[in-house]
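To keep things clear, I will list the structure first and then write my remarks on it.
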Amino acid sequence: MVREIFNFEKVLKNLDFNQKIFQPNLTTKLSIETALEKIKNNDSVLDLGCGCGIIGITLLKNLSEIKMHCSDIHSIAIKSAKNNYVKNDLSADIRNGNLFEPWSEKKFDYILSDVSSISSSVAKISPWFGENVPCESGEDGTDLACLILKNSPNYLKNDSSLQIPLISLSNTDKIINYANNIFSEVKTIKSMSWFLPKEMDKFKDTLYDLKSKKFINFEEKFEKIICTTSIVVCKDPK
């Protein structure tokens, strides 16, 4: 169970956000909830794709004995994360770099990824990714997720876990199949459906074309497109 009642809106009020980086959203909320259930209080934790630092800061406020490490490819995100850790009187090892590149000498008890996992074609037409926010996940949204899955065993201690988000605006079946080839245990911990923003209705033809190619998946009811976000935890690399 979650140690304390987690109030996402309250956490947001204690942080500063740079509009040039990806903003916290439902995936962030579900990622925090899952991590709070799974992480032990003395774990060494990596927040991969840390953005403004919201995930690690929330974890440290609930689990004060964990050893927090954060990284992001975006230098503006790193500056924002460092500022938010200082603002909240917390400390972490925060590094700038692509995926696992900053951590060649490290192994962790728990790796938590919040790296983009939606189709790059969707990202281009969405309100979530500005020109300064990178999204190099490929047309089916699997490139970065699969790369993290492939390399994560090199950075995990024995009996440790990798947590990743799955968003139906990618080929989630491909990601799950890839995860099952690398890990003996792959479990979906949380899942929630949500409506695609109304401003994306004008791109329905593009979205249905991507769906027909099995690059993404969604449902449509009452003229609204419904997507799903899930959080998956992987254990025991093969």
Side-chain angles (χ1 to χ4, degrees), residues 1-103 105-117 127-130 132-134 148 152 155-157 160-165 189-190 192 229 231 233:
M1 295 180 64
V2 174
R3 279 81 166 179
E4 296 181 9
I5 296 174
F6 166 54
N7 187 314
F8 191 57
E9 287 70 28
K10 183 179 178 180
V11 172
L12 292 175
K13 290 179 181 179
N14 291 326
L15 300 174
D16 293 326
F17 301 101
N18 189 308
Q19 296 302 312
K20 292 182 178 180
I21 63 176
F22 197 83
Q23 303 299 297
N25 57 15
L26 174 64
T27 303
T28 312
K29 182 176 184 290
L30 295 178
S31 295
I32 292 171
E33 290 175 350
T34 301
L36 285 172
E37 293 176 5
K38 297 295 181 180
I39 291 174
K40 299 173 184 176
N41 200 19
N42 60 349
D43 278 352
S44 175
V45 180
L46 172 60
D47 179 6
L48 196 64
C50 65
C52 67
I54 182 173
I55 292 177
I57 288 169
T58 307
L59 294 179
L60 275 170
K61 286 190 172 184
N62 283 269
L63 303 163
S64 59
E65 299 301 317
I66 62 174
K67 296 170 281 293
M68 180 58 61
H69 307 74
C70 310
S71 61
D72 200 291
I73 192 173
H74 203 319
S75 59
I76 298 176
I78 292 301
K79 182 177 180 180
S80 177
K82 288 181 176 179
N83 288 341
N84 280 322
Y85 270 86
V86 170
K87 181 179 180 179
N88 285 271
D89 295 319
L90 297 170
S91 61
D93 184 347
I94 304 175
R95 305 184 186 185
N96 189 193
N98 185 34
L99 300 181
F100 292 110
E101 286 179 0
W103 307 108
E105 82 288 6
K106 293 280 190 178
K107 287 184 181 288
F108 305 94
D109 296 298
Y110 203 93
I111 297 175
L112 188 156
S113 171
D114 197 21
V115 174
S116 172
S117 59
W128 311 308
F129 290 81
N132 294 302
V133 182
I148 290 167
S152 59
Y155 301 90
L156 288 169
K157 298 178 183 178
S160 51
S161 302
L162 167 70
Q163 176 182 313
I164 61 170
I189 307 300
K190 292 184 179 291
M192 186 174 291
T229 296
I231 305 298
V233 174

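Positions are given from 1 along the sequence.
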Open item on the list: Between Val233 and Tyr110, does the side chain to side chain contact (heavy atoms under 4.5 Å, CB included) criterion hold? Intermediate values first, please.
Closed with: CA-CA 10 Å; Val233 174; Tyr110 203 93; 3.7 Å; yes
TODO: Go through the structure and list residues passing side chain to side chain donor-acceptor pair (under 3.5 Å) with Lys67, not counting sequence neighbours.
DONE: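 Partners of Lys67 by the side chain to side chain donor-acceptor pair (under 3.5 Å) criterion come out as none, since no residue qualifies.
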Open item on the list: Taking side chain to side chain donor-acceptor pair (under 3.5 Å) as the definition, give me every residue that meets it alongside Asn98, ordered by chain and number, with sequence neighbours left out.
Closed with: none
Could you state the interatomic distance from [atom1] ([X]) to [atom2] ([Y]), rounded to the nearest 0.5 Å?
X	Y	atom1	atom2	answer
Ile39	Ser161	CD1	OG	9.0 Å
Ile111	Ile164	CD1	CD1	11.5 Å
Asp47	Asp93	CG	CG	12.0 Å
Thr28	Ile54	OG1	CD1	6.0 Å
Lys82	Arg95	NZ	CZ	10.5 Å
Lys106	Ser44	NZ	OG	6.5 Å

How far apart are the closest heavy atoms of [X] and [Y], and which atoms are they?
X	Y	value
Tyr85	Cys70	OH-SG, 3.2 Å
Pro165	Thr27	CB-CG2, 3.5 Å
Leu46	Ser71	CD1-OG, 4.2 Å
Gly51	Asp72	N-OD2, 2.9 Å
Leu48	Val115	O-CG2, 3.7 Å

Task: Derivation of the side chain to side chain contact (heavy atoms under 4.5 Å, CB included) call for Ile66 and Asn41 - done: CA-CA 5 Å; Ile66 62 174; Asn41 200 19; 4.3 Å; yes
Open item on the list: I'd like to know whether NZ of Lys107 has more than 12 heavy-atom contacts from other residues, nucleotides or ligands below 6.0 angstrom.
Closed with: yes
- [ ] Assess whether side chain to side chain contact (heavy atoms under 4.5 Å, CB included) is satisfied between Cys50 and Asp114, documenting all intermediate values.
- [x] CA-CA 7 Å; Cys50 65; Asp114 197 21; over 6 Å; no
How about [X] and [Y]: do any of their side-chain heavy atoms sit closer than 4.5 Å?
X	Y	value
Leu59	Leu36	yes
Lys40	Asp109	no
Tyr155	Leu162	no
Met68	Val45	yes
Asn96	Pro102	no

- [ ] Please test Phe100 against Ser152 for side chain to side chain contact (heavy atoms under 4.5 Å, CB included), starting from the C-alpha separation and ending with a verdict.
- [x] CA-CA 8 Å; Phe100 292 110; Ser152 59; 3.9 Å; yes
Task: ring pair (Phe, Tyr, Trp, His ring centres under 6.0 Å): pairs with one or both residues in residues 46-71, sequence neighbours excluded - done: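 For residues 46-71, and leaving out neighbouring residues, the ring pair (Phe, Tyr, Trp, His ring centres under 6.0 Å) pairs sorted by first residue read His69-Trp103, His69-Phe108.
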Open item on the list: Using only atom types and a distance under 3.5 Å, with no angle test, would you say the side chain of Ser80 pairs donor to acceptor with the backbone of Ile76?
Closed with: no
